[in-house]
Participant: 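Got a structure for you, written out below as structure tokens; questions coming shortly.
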Amino acid sequence: MAFKLKHLFFLSILKPQKPTLSNLLLLQQYRGIAKVRLKWVKNRSLDHIIDTETDLKAACLLKDAIKRSPTGFLTAKSFADWQKLLGLTVPVLRFLRRYPTLFHEFPHARYASLPCFKLTDTALLLDSQEQSIHKNCESDTVERLCKLLMMMKTRTVSLQSLYPLRYDLGLPDSFDKILVPKYPDHFRFVKASNGILCLRLAEWREELAVSALEKSKEIKKSSDEYRQFKSGKTSLVFSMSFPKGYGGQKKVKAWMEEFQKLPYISPYEDSRRIDPNSELMEKRVVGVLHEILSLTVHKKTKRNYLRSLREELNLPHKFTRLFTRYPGIFYLSLKCKTTTVALREGYRRGKLVDPHPIARLREKFYHVMRTGLLYRGKGANLISHQGILLNDMEDETGQETSDGEEVESGDECSEEISDVEEGSDEE
């Protein structure tokens, strides 16, 4: 046939009426989108951000762990096996000693050879500012958590899958104990059939069912443009920023134009009746991944964290291949012995386009870390507490470098990415 019935079926779901001739003609352009194999292109700027923020995240998590400790400190023995958990490439003890402006080392009261670490006054000051931001931005945090649950098939996610995302989503430490109980109209705890504790959305909130892409296009539900979008007559366009050399390639340009013409499927719509092998499902998956990354504070997260949500998000088994298939939307980094996916539109010239207050606070945290690393024991004397309280430190986590650097051997690079993807899918 001249068109695919699966696309016709999908449009009938969006607008339950008999297909018109215009719809049939429209469907013809949705069939057989050309498959273009793209080389992976290294982005030094984003790689640098991911590299530095790996240490930043580890320091923040260690800060929270020390704060949770009933003794107010941690011994070297207690965190000896945390290296992999924190995503570090060096032992945790060596890492803590790098940053004396945050972590003060002292001998144990009973075992003099056992190193212990507590938070410095500067770290405590930064933590108090963080708690103040969490309090002021609590409504925004609740909204983002609701939106995440609204994308799930059962509006439920296990705490086991959610807790690793806590830092990326900007959730407060122990959010399940201090935040969730305050909003019984929004969340409730339930136990899955396997006994795992899960967080469930208490009630669907239609006012939140607007994606970041829809907001960026300033589409209102009452407008004719929105109704045309919902009926499949018009589509939303993803922002794309290709590495150098890609934008001018005819095959890539034609492919992306066909992709953009496909109807945009909101990540908050039920997708279980869409053909999983259709191009429409592929664009829907791209939209879901785009929305999740948009909800994160730093517009990036680890790929394995997304894999743990695959079933609830109704994603295909090989969905991670889309990160390299759409390099204009996503960037896949292999820095720090892990795989991180970032949203390209979230960054410009090595900095976040629209930094969240938590992200700005973490810039201060990183400034204090760098001071300790460069000046060691003298670093504490170089930090002005008044400056930390009143001024935003300059962002040192990014560099104004070129958007991308093409790897010389495209075949080798493609093979490297392919091997990583295949391995991760089997984990």
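Predicted, not measured: the structure shown is a model, and the values here were computed from it. We number each residue from 1, following the sequence as shown.
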Participant: Report yes if some heavy atom in the side chain of Phe323 is under 4.5 Å from a heavy atom in the side chain of Leu289; otherwise report no.
Facilitator: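 They are in side-chain contact.
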Participant: Would you confirm whether Thr120, through its side chain, and Thr101, through its main-chain N or O, come within 3.5 Å as a donor-acceptor pair?
Facilitator: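 A pair under 3.5 Å: yes.
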Participant: Does the ring centre of Tyr331 sit less than 6.0 Å away from the ring centre of Tyr347?
Facilitator: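 No, ring centres 6.0 Å or more apart.
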Participant: In sequence, state the C-alpha distance, the side-chain angles, and the governing distance for Arg325 and Leu322, and then conclude on side chain to side chain contact (heavy atoms under 4.5 Å, CB included).
Facilitator: CA-CA 5 Å; Arg325 181 163 158 75; Leu322 296 180; 4.1 Å; yes
Participant: Pair Tyr268, Glu214 - check side-chain hydrogen bond (donor to acceptor under 3.5 Å, both in side chains), show working.
Facilitator: CA-CA 12 Å; Tyr268 301 104; Glu214 291 172 298; over 6 Å; no
Participant: Looking at every heavy atom in both Pro172 and Ile178, which two are closest together, and how far apart are they?
Facilitator: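 Minimum heavy-atom separation between Pro172 and Ile178: CB-CD1, 4.1 Å.
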Participant: Mind listing the closest non-hydrogen atom pair of His186 and Cys146 along with its distance?
Facilitator: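 Residues His186 and Cys146, closest heavy atoms: CD2-SG, 3.7 Å.
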Participant: What's the verdict on side chain to side chain contact (heavy atoms under 4.5 Å, CB included) for Asn43 and Arg344, showing C-alpha distance, side-chain angles and the deciding distance?
Facilitator: CA-CA 10 Å; Asn43 188 303; Arg344 283 187 180 273; 3.5 Å; yes
Participant: With under 30° as parallel and over 60° as perpendicular, where do the rings of Tyr167 and His298 fit, or are they tilted in between?
Facilitator: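 Tyr167 and His298: parallel rings.
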Participant: Fit a plane to each ring of Phe175 and Tyr163, take the angle between them on a 0 to 90° scale, and name the class: parallel (under 30°), tilted (30 to 60°) or perpendicular (over 60°).
Facilitator: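 Judged by the thresholds at 30° and 60°, the geometry between Phe175 and Tyr163 is parallel.
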Participant: Quick one: does any side-chain atom of Arg155 pair with a main-chain N or O of Met150 as donor and acceptor, under 3.5 Å?
Facilitator: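 Judged by distance alone, yes, a pair lies under 3.5 Å.
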Participant: Other residues, nucleotides and ligands only: do more than 12 of their heavy atoms fall within 6.0 Å of CD on Gln131?
Facilitator: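 Counting neighbours around CD of Gln131, more than 12 heavy atoms of other residues, nucleotides or ligands fall under 6.0 Å, so yes.
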Participant: Nearest 0.5 Å, what's the CZ-OG distance between Arg284 and Ser278?
Facilitator: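 These two atoms lie 11.0 Å from each other.
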Participant: Would you check if Phe365 and Gln129 make a side-chain contact, meaning some heavy-atom pair closer than 4.5 Å?
Facilitator: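 No, too far: nothing below the 4.5 Å cut-off.
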Participant: To the nearest 0.5 Å, what is the distance between OG1 on Thr89 and NZ on Lys84?
Facilitator: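 NZ of Lys84 is found 14.5 Å from OG1 of Thr89.
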Participant: Walk me through whether Asp127 and Lys63 qualify under salt bridge (Lys or Arg N to Asp or Glu O under 4.0 Å).
Facilitator: CA-CA 8 Å; Asp127 180 74; Lys63 182 263 296 179; 2.9 Å; yes
Participant: List the steps, then state whether side-chain hydrogen bond (donor to acceptor under 3.5 Å, both in side chains) holds for Thr154 with Glu312.
Facilitator: CA-CA 7 Å; Thr154 61; Glu312 272 295 329; 2.8 Å; yes
Participant: Which residue is it: Asp275, Asn314, Val286? I am looking for the one with a side chain to side chain contact (heavy atoms under 4.5 Å, CB included) to Met281.
Facilitator: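 By the side chain to side chain contact (heavy atoms under 4.5 Å, CB included) criterion, Met281 pairs with just one of Asp275, Asn314, Val286: Asn314.
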Participant: Just wondering, do Tyr326 and Met256 contact through their side chains at under 4.5 Å, heavy atoms?
Facilitator: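 SC-SC contact between Met256 and Tyr326 confirmed.
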Participant: Looking at Leu309, Leu171, Val157, which one forms a side chain to side chain contact (heavy atoms under 4.5 Å, CB included) with Leu165?
Facilitator: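 Exactly one candidate clears the test, Leu309.
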Participant: Using side chain to side chain contact (heavy atoms under 4.5 Å, CB included), reason through Met152 and Leu201 one step at a time and then give a plain yes or no.
Facilitator: CA-CA 10 Å; Met152 306 297 166; Leu201 186 71; over 6 Å; no
Participant: When you measure from the centre of the six-membered ring of Phe95, is the NZ or CZ of Arg98 closer than 6.0 Å and no more than 45° off the axis?
Facilitator: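 Pair Arg98/Phe95 does not count as cation-pi.
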Participant: Is it true that, when you exclude Arg68 itself, more than 12 heavy atoms of the residues, nucleotides or ligands shown sit nearer than 6.0 Å to its CZ?
Facilitator: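 Result for CZ/Arg68: enclosed.
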Participant: Indicate yes or no: at least one non-hydrogen side-chain atom of Phe189 is less than 4.5 angstrom from one of Asp176.
Facilitator: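 Phe189 reaches Asp176 side chain to side chain.
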Participant: Heavy-atom distance under 4.5 Å between the side chains of Leu119 and Leu102, does that happen here?
Facilitator: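 Not touching, per the 4.5 Å side-chain cut-off.
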Participant: Hey, is the main chain of Leu295 close enough, under 3.5 Å, to the side chain of Lys147 for a donor-acceptor pair?
Facilitator: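 Judged by distance alone, no pair lies under 3.5 Å.
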Participant: Side chains of Trp255 and Glu257: any donor to acceptor distance under 3.5 Å?
Facilitator: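 Looking only at side-chain atoms, Trp255 and Glu257 do not form any donor-acceptor pair under 3.5 Å.
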Participant: Do we get Lys283 above Tyr264's six-membered ring, with its NZ or CZ under 6.0 Å from the centre and within 45° of the axis?
Facilitator: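 Verdict for Tyr264: no cation-pi partner in Lys283.
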Participant: State whether Lys153 and Glu311 are salt-bridged, where the test is any N-O pair (Lys NZ or Arg NE/NH1/NH2 against Asp/Glu carboxylate O) under 4.0 Å.
Facilitator: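 Result for this pair is no, no salt bridge flagged.
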Participant: With a 3.5 Å cut-off and no angle check, do the side chains of Asp140 and His356 form a donor-acceptor pair?
Facilitator: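 Looking only at side-chain atoms, His356 and Asp140 do form a donor-acceptor pair, the distance falling under 3.5 Å.
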Participant: Taking it one step at a time, do Ile49 and Leu46 satisfy side chain to side chain contact (heavy atoms under 4.5 Å, CB included)?
Facilitator: CA-CA 5 Å; Ile49 292 171; Leu46 290 176; 4.2 Å; yes
Participant: For the side chain to side chain contact (heavy atoms under 4.5 Å, CB included) test, which of Leu352, Asp168, Leu293 pairs with Lys299?
Facilitator: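 In the set Leu352, Asp168, Leu293, the residue that makes a side chain to side chain contact (heavy atoms under 4.5 Å, CB included) with Lys299 is Leu352.
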Participant: Treating Ser158 as the side-chain partner and Ser161 as the backbone partner, does any N or O pair qualify as donor plus acceptor under 3.5 Å?
Facilitator: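 It does hold such a pair.
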Participant: Are the side chain of Gln260 and the backbone of Phe238 linked by a donor-acceptor contact shorter than 3.5 Å?
Facilitator: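 Confirmed, Gln260 side chain pairs with Phe238 backbone.
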Participant: For the residue pair Tyr305 and Pro164, what are the closest heavy atoms and their distance?
Facilitator: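 That would be CE1-O, 3.4 Å.
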Participant: Is Ser216 reaching over with its side chain to a backbone N or O of Leu213, donor-acceptor style, under 3.5 angstrom?
Facilitator: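 Indeed, once roles are kept as given, a pair shorter than 3.5 Å links the two residues.
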Participant: Might you point out which heavy atoms bring Ser45 and Gly350 nearest each other, and give the distance in Å?
Facilitator: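 Scanning both residues completely, I find the closest heavy atoms to be OG-CA, 3.2 Å.
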Participant: Considering all heavy atoms of both residues, which atom of Gly72 and which atom of Ile66 are nearest to each other, and what is their separation?
Facilitator: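 Shortest heavy-atom separation between Gly72 and Ile66 comes out as O-CG2, 3.5 Å.
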Participant: Taking the side chain from Ser78 and the backbone from Leu74, do they hold a donor-acceptor pair closer than 3.5 Å?
Facilitator: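 Side chain of Ser78 to backbone of Leu74: no pair is present.
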Participant: For Lys77, is the NZ atom crowded, meaning more than 12 foreign heavy atoms sit under 6.0 Å from it?
Facilitator: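 Not more than 12 within 6.0 Å, no.
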Participant: Taking all non-hydrogen atoms of both residues, which atom of Ser239 and which atom of Ile329 are closest, and how far apart?
Facilitator: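 Taking every non-hydrogen atom into account, O-CG1, 4.1 Å.
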Participant: Donor-acceptor pair, Thr71 side chain versus Ser69 backbone, under 3.5 Å?
Facilitator: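 It does not hold such a pair.
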Participant: Just by distance, do the side chain of Glu105 and the backbone of Phe117 share a donor-acceptor pair under 3.5 Å?
Facilitator: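 Side chain of Glu105 to backbone of Phe117, a donor-acceptor pair under 3.5 Å: no, none is there.
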Participant: Under 3.5 Å, is there a donor-acceptor pair between the side chain of Arg310 and the main chain of Leu315?
Facilitator: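 The answer is yes, because a donor-acceptor pair under 3.5 Å joins these two groups.
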Participant: In the structure I gave you, are the side-chain heavy atoms of Asp185 and Glu203 within less than 4.5 Å of one another anywhere?
Facilitator: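 They are not in side-chain contact.
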Participant: Can you find a pair of side-chain heavy atoms, one from Thr301 and one from Thr340, that are under 4.5 Å apart?
Facilitator: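 Side-chain contact under 4.5 Å: no.
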Participant: Determine whether Glu258 and Lys261 satisfy the following criterion, salt bridge (Lys or Arg N to Asp or Glu O under 4.0 Å), listing intermediate values before the conclusion.
Facilitator: CA-CA 5 Å; Glu258 290 299 311; Lys261 289 177 183 177; 3.6 Å; yes
Participant: Which distance, rounded to the nearest 0.5 Å, do you find between the OG1 of Thr141 and the CG of Leu169?
Facilitator: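 If I round to the nearest 0.5 Å, the distance is 9.5 Å.
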Participant: Applying salt bridge (Lys or Arg N to Asp or Glu O under 4.0 Å), run through Arg166 and Asp64 and close with a yes or a no.
Facilitator: CA-CA 12 Å; Arg166 176 187 65 82; Asp64 291 339; 3.5 Å; yes
Participant: Quick one: are Phe73 and Phe103 in side-chain contact, heavy atoms under 4.5 Å?
Facilitator: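 Sidechains of Phe103 and Phe73: no contact.
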Participant: Inspect the surroundings of CZ in Arg205 and state if more than 12 heavy atoms from other residues, nucleotides or ligands are less than 6.0 Å away.
Facilitator: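 Above 12, so yes.
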Participant: Just do the salt bridge (Lys or Arg N to Asp or Glu O under 4.0 Å) check on Arg362 and Glu130 with the steps written out, would you?
Facilitator: CA-CA 9 Å; Arg362 289 171 180 172; Glu130 181 180 355; 5.2 Å; no
